[in-house]
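Every heavy atom of this structure was used, including side-chain atoms; hydrogens, water molecules and symmetry mates were not. Bear in mind the structure is a predicted one, so any value in this text is a computation, not a measurement.
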Amino acid sequence: MHQEIKQALSAEIHVGARPLLASEWWKLLESEGFQIQEVGSVPMHLLRPKRLIQDEGVLGALNIFKNVIRNPQVRRRIIGMRQNF
C-alpha cells in the first residue's frame, strides 16, 4: 500500500514525491544526529482552504485559489491531489 501511495502521488503531481512512513522519518532523523523527543501525527489537510492559508498566508492562498478557478488543468491536478490525500 505504501508503494501504491508513492506512485499515485508522484503521478498526480508530476514530481518524484517520496512520502515516508513514521518509522522511516524516525530512522532518517536519528541518522542525522537528532534525538527523538516526541512523536505525533495529524491528518493530511494540505489542500484544504484553512490549511492553505496557514501554510501560504492569505495572499498566497488567494493566488492558488485564483489559479484553480482560472486554469482547468490546475483544477484537475488539485482535484486529483486531494483524492490521493
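Rounded to the nearest 0.5 angstrom, Ile36 CD1 and Glu30 CD are separated by 5.0 Å. Taking CZ from Phe34 and CH2 from Trp26, the interatomic distance works out to 14.0 Å, rounded to the nearest 0.5 Å. One distance of note links CZ of Arg48 with CD of Gln54; it measures 12.0 Å at 0.5 Å rounding. To the nearest 0.5 Å, atom CG of residue Leu47 and atom CZ of residue Arg77 are 11.0 Å apart.
Linking Ile, Leu, Val, Met, Phe, Trp and Tyr whenever their side-chain heavy atoms come within less than 4.5 Å puts Leu62 and Val68 in one cluster.
When side chains are defined from C-beta on, Arg75 does not count as touching Ile78, because their heavy atoms never get closer than 4.5 Å. Between Phe65 and Leu52, some side-chain heavy-atom pair lies under the 4.5 Å cut-off. Between Glu24 and Leu21 the shortest side-chain heavy-atom distance falls below 4.5 Å.
No more than 12 heavy atoms of other residues, nucleotides or ligands shown are found within 6.0 angstrom of NZ on Lys27.
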